[in-house]
Amino acid sequence: MKTILVTGSTDGIGLATAKALLARGHRVLIHGRNQVKVDEVVAELAKLARAARVSGHVADLSDMASIESLARNLLAEYPRLDVLINNAGVYRVPETVTSQGWDMRFAVNTLAPYRLTQLLMPLMTGEGRVINLASAAQAPVDMEALAGETHLSDDFSAYAQSKLALIMWTRHLARKRDAQSPLLIAVNPGSLLASKMVKEGFGVPGKDINIGADILLRVALDDEFAKANGEYFDNDSGRFASPHAHALDDERCHEVVAVMERFPRESA
């Protein structure tokens with residue numbers, strides 16, 4: 001039985017993935033932003049599996065203090081984490097700038113999973129996997145916007161930039177991986193799946209959400225991905241593929257990570 005954290009797992013692909021993992025007999029850590037919603041989902045999932053195999057955790061991924069609090073709680077409660085699925089993401093939001101001055105899309109889609117991954121590394125081993133949900137939407141990163149020095153007005157552009165930046169830091173950390181560190185994989189789970197983000201952002205019902213859940217199960221558990229460190233899997237084509245050219249440029253990836261390292265830390 002593996003212990004698996006799925007961020008943003010109170011609905012959409014995250015919830016479908018959590019249900020499938022529980023059906024496989026694994027322990028699943030549910031994460032959401034709203035305590036009431038998290039409690040409701042945990043109660044629902046506890047009917048599908050022993051209560052000991054599902055737990056809920058609350059954190060606002062746009063806030064550094066909340067991310068660090070989540071990590072501290074997990075470090076104190078669990079002896080190990082086998083898989084981290086960084087699924088949580090935003091597209092169209094009422095407030096596009098966080099209280100700390102960062103673009104909300106970069107903060108939640110790029111910076112939060114980066115920091116959470118770093119904080120949870122002590123729980124993971126070389127057998128572990130970090131799975132980052134990317135997208136077919138990828139656009140060159142405006143470094144000033146990433147740094148919070150300018151703000152992006154176009155939702156799609158901000159989203160596409162945040163997802164490319166996610167792939168870029170995935171590949172950057174993957175190059176530094178040693179035998180004691182988990183492998184890192186970026187995955188486009190499928191375009192326009194029936195998530196709340198797609199329905200609200202694009203006004204379409206979307207395709208079967210289980211298309212995304214199925215590929216995340218494979219990446220999390222199957223041997224075919226055991227050596228996929230630093231790879232990008234495109235589920236639209238059903239194969240490993242090359243992401244945007246900027247993600248293949250080591251220097252550009254380093255520059256993105258250097259800017260992300262300015263993200264304020266509660267403990268700093």
Side-chain angles (χ1 to χ4, degrees), residues 6-9 11-17 61-62 84-93 96 103-114 116-117 129-142 145-146 152 154-174 184-220 225 228 230-249 252-253 256-257 260:
V6 186
T7 67
S9 46
D11 57 33
I13 299 172
L15 179 55
T17 301
L61 297 185
S62 71
L84 167 58
I85 302 179
N86 285 310
N87 164 74
V90 295
Y91 172 66
R92 183 168 291 164
V93 290
T96 59
D103 182 282
M104 185 67 74
R105 283 66 57 101
F106 279 127
V108 176
N109 300 348
T110 311
L111 296 159
Y114 175 73
L116 187 60
T117 296
R129 301 182 187 184
V130 175
I131 302 166
N132 290 332
L133 264 73
S135 171
Q138 301 167 28
V141 179
D142 181 328
L146 176 61
L152 301 171
D154 183 78
D155 292 323
F156 184 79
S157 176
Y159 178 79
Q161 290 185 47
S162 73
K163 289 300 185 178
L164 177 57
L166 175 74
I167 298 170
M168 293 173 81
W169 77 247
T170 302
R171 293 178 61 84
H172 178 82
L173 291 191
L184 297 100
I185 308 171
V187 181
N188 165 31
S191 297
L192 296 177
L193 302 182
S195 65
K196 182 171 66 175
M197 181 192 300
V198 166
K199 293 173 185 176
E200 294 178 351
F202 296 93
V204 296
K207 296 177 285 187
D208 184 1
I209 204 77
N210 288 308
I211 293 172
D214 290 346
I215 186 57
L216 292 183
L217 243 68
R218 286 172 53 197
V219 180
F225 291 91
E231 297 289 344
Y232 167 69
F233 189 88
D234 174 30
N235 203 34
D236 288 331
S237 61
R239 60 182 176 82
F240 291 105
S242 292
H244 189 284
H246 284 192
L248 304 177
D249 184 324
R252 286 183 187 271
C253 293
V256 163
V257 171
M260 289 168 55

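This one's a predicted model, so the numbers in the text were calculated from it and none came from an experiment.
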Exercise for the section: Hey, could you give me the OG/CZ distance between S162 and R105, rounded to the nearest 0.5 Å? Expected result: 8.0 Å

Output yes when a side-chain donor or acceptor of [X] lies under 3.5 Å from a complementary backbone atom of [Y], and no otherwise.
X	Y	answer
D249	R252	yes
W169	V256	no
N210	A213	no
S237	D234	yes

So, [X] versus [Y]: side-chain donor-acceptor pair below 3.5 Å or not?
X	Y	result
N188	S135	no
Y232	Q138	yes
T96	D103	no

Heavy-atom side-chain contact between [X] and [Y] under 4.5 Å:
X	Y	answer
Q161	P140	no
I185	T170	no
I167	R171	yes
I215	V219	yes
N132	V187	no
L166	P113	yes

Fill in the blank from the handout: N87 meets the side chain to side chain donor-acceptor pair (under 3.5 Å) criterion, sequence neighbours left out, with none

Practice task
Indicate the atoms forming the closest heavy-atom contact of V90 with M104, along with that distance.
Solution key: CG2-O, 3.9 Å

Handout entry: ring pair (Phe, Tyr, Trp, His ring centres under 6.0 Å) partners for F225, two or more places apart
Key = F233, F240

